[in-house]
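One structure below.
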Amino acid sequence: MAERIYDPAQIEKKWQAWWDTEGVNNVDVHNAKNPYYVLMMFPYPSAEGLHVGNVYAFTGADIHGRFKRLQGYDVFEPVGFDAFGIHSENFAMKINRHPAELIPSNVANFTRQLKMMGLMYDWRYQVDTTSPEYYKWTQWIFLQLYKNGYAYRDTKEVNFCPACGTVIADEQVNPDGTCERHSDTMVERRKMPCWFFAITKFADRLVDNHEWLDWSDVTKTAQIRWVGRSKGAEVEFPIAGREEKIIVFTTRPDTLFGATFMVLSPEHPLVDTIADPSLAKQIAAYRERSAAMTEQERIENKEKTGLDIGVKAVNPVNGEEIPVFIADYVMMDYGTGAIMAVPNGDHRDFEFARKFNLPVQCIIDPAMDQGSAEDLSLIESVENEIMTSLRNHPIIGGTFSEHSPTPPPLVKIMASTEGKEQARSAIHRGLGAWSGPGRIINSSNDEISLDGKTKEESIAAITAWLESKNLGSEKRQFRLRDWGISRQRYWGPPIPIVYDENGDPHPVPEDQLPVMLPEMTDFRPKGDGRGPLATSEEFVNATIDGKTYRRETDVMDNFLDSAWYFLRYPSARDDQQAYDLELMKKWLPVDMYIGGNEHAVLHLLYTRFICMALAESGVLEMGESSNRDKGEPFKKFRAHGLLIREGSKMSKSKGNVVNPDEFVAEHGADTLRTYLMFLGPYTQGGDFRDKDIQGVRRFFNRVHAYYFDDKKTIVPDEDLPKDVRVKTHQMIRKATSDLESLSYNTAIAACMELLNTLKASEQTSDFVREAFCLMLAPFAPHLAEEIWHTALGREGSVFGARWPEHDEKLTILDEVEIPVQVNGRVRDRIIVARDAPKETLESTALECDGVKRNMTNGAQVRKVIVVPGRLVNVIVK
RNA sequence: GCCGGAGUGGCGGAAUGGCAGACGCGGCGGACUCAAAAUCCGCUGGGGGCAACCUCGUGAGAGUUCGAGUCUCUCCUCCGGCACCA
């Protein structure tokens, strides 16, 4: 009979339509009693359509949302489209179309596919970042930041691609310094005026809050490292015979007495002022040479280079005059662009000192036992000498093992007491460097002595002394730089700023937003460093309150669009404000955010910053659960894994992407959803193997047959065979905790296991039939809805029902099988009462065949280890 | 180089320190069928044995433990991120 065969196409169409007309997915954002906000990173609607990677991400979030809904929460699960940005613009240029013209059909296609997947979206709150109704408020957010001092204009170095003819973002530069779109073109650095957001003002909070945020560890560490906070001191070095001072940042002020020279970054502005004028030519040549090198080349070329610029600086702690160099191993964009070089305490300074024959002043007695090989560097001849003397050492001389190749000499040296002692002596003689723990020596002047103090004690002491002498101060340094948001491009929200005749910026009044992106047929970058908007006189000339201005012609970074979209969702149709504060207090912070870890340091960091800045500005307030930091938008974040197919990451260039349409057409959305979740742990990703989807399809065929074909006797739950009841409650317990921790693969396995048990029994019960349907519902919402109505005869959606609860008492059988080990090896199994006492377990075990068999030759029982309900281990001798 | 994550059958993957390989794919055998597909049932880590059973086995090597895939140390390999960050 046709209706007895699982027909996903028919079922899914039917229930999607029903959900729509009944408004099953709708949430009353104003009156929800038990709000729970599930957010997933919204997609960029590409022309290719939904990628199965998107489906993977969204399904995982949707399952969480559906599960929470079944647990009684009012789940808000919105969706939107992130269609501004260089991606869309480049694609439009490639096919010679206008981006605005492409978006609607792409969005329509995405919408069709998202609906096809049966995601629990409330489509009434959909947003599109390219609509003026949305970007009006993106501009409003810019203005709030501007008014409160978090947005400023500055002229800094930016990336310029000659082939693109435009400035590009940091993230569009390949690691080797070429352009993302032109892998044969090197990106240039140019100085241009740009708008920046002061994200560095929040650097401490961005790091510190990770102590309590419930986020994936990988994401946390990526952010913490990106912000890159280090604590140390700024120290001033006077220049002999001049007014200027060189300011350095160091994490090791305790080694100040060992500073024997200084190094400035080649681009350091002080160089032109203080360098010996007769060296101008050499300096220019050195700069040119290092500027021509890419980051990659600099790192690969380990050999240190540099140039003495013919002045002396004065070490403030001992008055010694030390030479000043420029060298490309010092970066202009970190710290102050200048360092004090302590060759005894830093391997880079050590290498430089060896190359240029500079003195190495010993200032540390290394604690070799507390350090590791990474802390040590030695000149090669000393290294060889030590290795030679250790050749016959039992550890060093012998092979480590046939599986581990020879470790590098420093590791070997650090592996023996003799080696460490010799290395220590070499460091004392200035033939090596040590950056590990130890005690400071040779470090005193008339006023202060660090001798004998540890690194930590010395840092505190010297910093206090420098402060008292006005020579320096404690300082935290960050790797993080302010966020440059100007794009000399077309496809983004215009920056709402105008300039008067003096070139001074003024904000566009809020009531005149949005600054509309003009329709332009030619929106290609011109390559003159100005944005395409600059060519539209109509756009550029603005009159505000009777005065004429010239508009800013750059647009904003696409990452700003996505830094606040979740604030907009609950107020998506509100044309009076960016977001309703009452709704913010109700729904934020987001309860669960799910997305790809590739956004750990971009989107997720920018977003946290935007919320903090808005909260500081007094225009954003979140609910009570944000008490610890009123600017933190995401209580919980989980990064999903990546899909692998045919041995590599799914990507267009590899040609191994999967179009969900085909799989849905063949097996249905429920099967694809469940299969994707069954591949492996959700947070780790999985291997998409086309054939394996059959397994889930068969499972659903069996589920369908269980409800619609199998004529089982329905009995009161108490009358079910005990093993069926126990399995049911065990699997409810397992599925519940697995869903909570996003371990979807094992939750699905639990459902399969349960079905195998249920099918084997002639009897079933209403409780079992209902519980199993509910357990499937987050994964296979259409099938569950079909079973709920048609097989179980219920009215109203299955998603209005409650998740089943297990009874702990019913998760254990009356009798359990327990392994019996002899000397740790399983030799037999005994069946005992569930709550049998230790004594019974022990005596039963000692009687069993497996134990007797293994106790021949007069062996004696020495000890019996009994773990009730688990095992018995008999130790014999 | 540094920081994460991972290494388990033919494959994807399971295992609060307590029976390694749940669940699924694939494979083998069988039922149904004229036949195939679908479906259903059984078996399926290696080696030995007619069998009961024995033995080896979670990247390598050591250690802790009555007991280690799991904890500790020393390595190896793969993946991801950062990288002369002072």
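Letters A, B, ... mirror the listed sequences (proteins, then strands); counts begin at 1. FYI, side chains are in, hydrogens and waters are out, and symmetry mates aren't considered; it's all heavy atoms of this structure.
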Tell me the partner of rU39(B), counting only Watson-Crick (N1-N3 plus N6-O4 or O6-N4) or G-U wobble (N1-O2 and O6-N3) with both under 3.5 Å; none if nothing fits. rA31(B)
d(CD, Glu598(A); C1', rG4(B)) in whole Å: 16 Å
Check every atom of rC2(B), rG24(B), rC66(B) against the side chain of Arg225(A) and return the nucleotide holding the closest atom. rC2(B)
Atom-pair distance (CZ on Arg870(A); P on rU70(B)), nearest Å: 17 Å
For a quick test of reading the model: is some side-chain N or O of Arg825(A) closer than 4.0 Å to OP1 or OP2 of rC53(B)? no
Report the nucleotide, chosen from rG13(B), rA86(B), rC66(B), that has the shortest atom-to-atom distance to any side-chain atom of Asn745(A). rG13(B)
Between Ile5(A) (CD1) and rA37(B) (C1'), how many Å, whole number? 13 Å
Could you let me know what rU65(B) is paired to, Watson-Crick or G-U wobble, both distances under 3.5 Å, or none if it's on its own? none
Using modelled atom types only, decide if a donor and an acceptor are shared between the side chain of Asp670(A) and the backbone of Pro8(A) within a distance under 3.5 Å. no
State whether Ser230(A) places a side-chain N or O below 4.0 Å from either non-bridging phosphate oxygen (OP1 or OP2) of rA86(B). yes
Tyr334(A) side chain, from C-beta outward: closest of rG24(B), rG18(B), rC85(B): rC85(B)
Considering residues at least two apart in sequence or located in another chain, which fulfil the salt bridge (Lys or Arg N to Asp or Glu O under 4.0 Å) criterion with Asp738(A)? Lys734(A)
Strictly below 4.0 Å: does Arg827(A) bring a side-chain N or O up to OP1 or OP2 of rG67(B)? no
rG9(B): syn or anti, with syn meaning chi within 90° of zero? syn
Pair partner, rG26(B) [Watson-Crick or wobble, under 3.5 Å]: rU44(B)
Tell me whether the guanidinium CZ or amine NZ of Lys304(A) lies under 6.0 angstrom from the six-membered ring centre of Tyr329(A) and within 45° of its axis. yes
Looking at Asn701(A), I'd like to know whether one of its side-chain N or O atoms comes within less than 4.0 Å of OP1 or OP2 on rC40(B). no
Determine the contact category for Ile875(A): base if any of its heavy atoms lies under 4.0 Å from a base atom, sugar-phosphate if only primed atoms, P, OP1 or OP2 are that close, otherwise nothing. sugar-phosphate
Starting at atom CZ of Arg697(A), determine the distance to atom C1' of rU39(B), rounded to an integer number of angstrom. 13 Å
Any non-hydrogen side-chain atom of Leu264(A) less than 4.5 Å from a side-chain atom of Ile246(A)? yes
Check the distance between rA86(B)'s P and Asp254(A)'s CG and give it to me in whole angstrom. 13 Å
Go ahead and name the base partner of rG7(B); Watson-Crick or wobble counts if both distances stay under 3.5 Å, otherwise write none. rC76(B)
Nearest-neighbour nucleotide for the Glu753(A) side chain, rU55(B), rC85(B), rA22(B) considered: rA22(B)
For Leu679(A) and rA14(B), give me the distance from atom CG to atom P, rounded to whole Å. 11 Å
What does Asp687(A) touch in the nucleic acid at a heavy-atom separation under 4.0 angstrom: a base, only the sugar-phosphate, or nothing? sugar-phosphate
Specify the separation, in whole Å, of atom NZ of Lys304(A) and atom P of rA86(B). 14 Å
If only atom types and distance count, is the side chain of Thr674(A) paired as donor or acceptor with the main-chain N or O of Thr671(A) below 3.5 Å? no
Please tell me which of the listed nucleotides, rG4(B), rA86(B), rC66(B), lies nearest to the side chain of Val218(A)? rG4(B)
Select one nucleotide: of rA22(B), rG12(B), rA14(B), the one nearest the side-chain heavy atoms of Pro681(A). rA14(B)
Identify which nucleotide among rG18(B), rA86(B), rG24(B) has an atom closest to any side-chain atom of Asn756(A), counting heavy atoms from C-beta outward. rG24(B)
Among the nucleotides rC66(B), rC84(B), rC23(B), which one has an atom lying closest to any side-chain atom of Met331(A)? rC84(B)
Which whole-number value in Å describes the distance from Glu808(A) CD to rU16(B) C1'? 13 Å
With the criterion being N/O to N/O and under 3.5 Å, what pairs connect the protein with nucleotides 25-33 of chain B, and how long is each?
{"residue": "rC25(B)", "atom": "OP1", "partner": "Arg698(A)", "partner atom": "NH1", "Å": "2.7"}
{"residue": "rC25(B)", "atom": "O2'", "partner": "Asp692(A)", "partner atom": "OD1", "Å": "2.5"}
{"residue": "rG26(B)", "atom": "OP2", "partner": "Arg698(A)", "partner atom": "NH1", "Å": "3.3"}

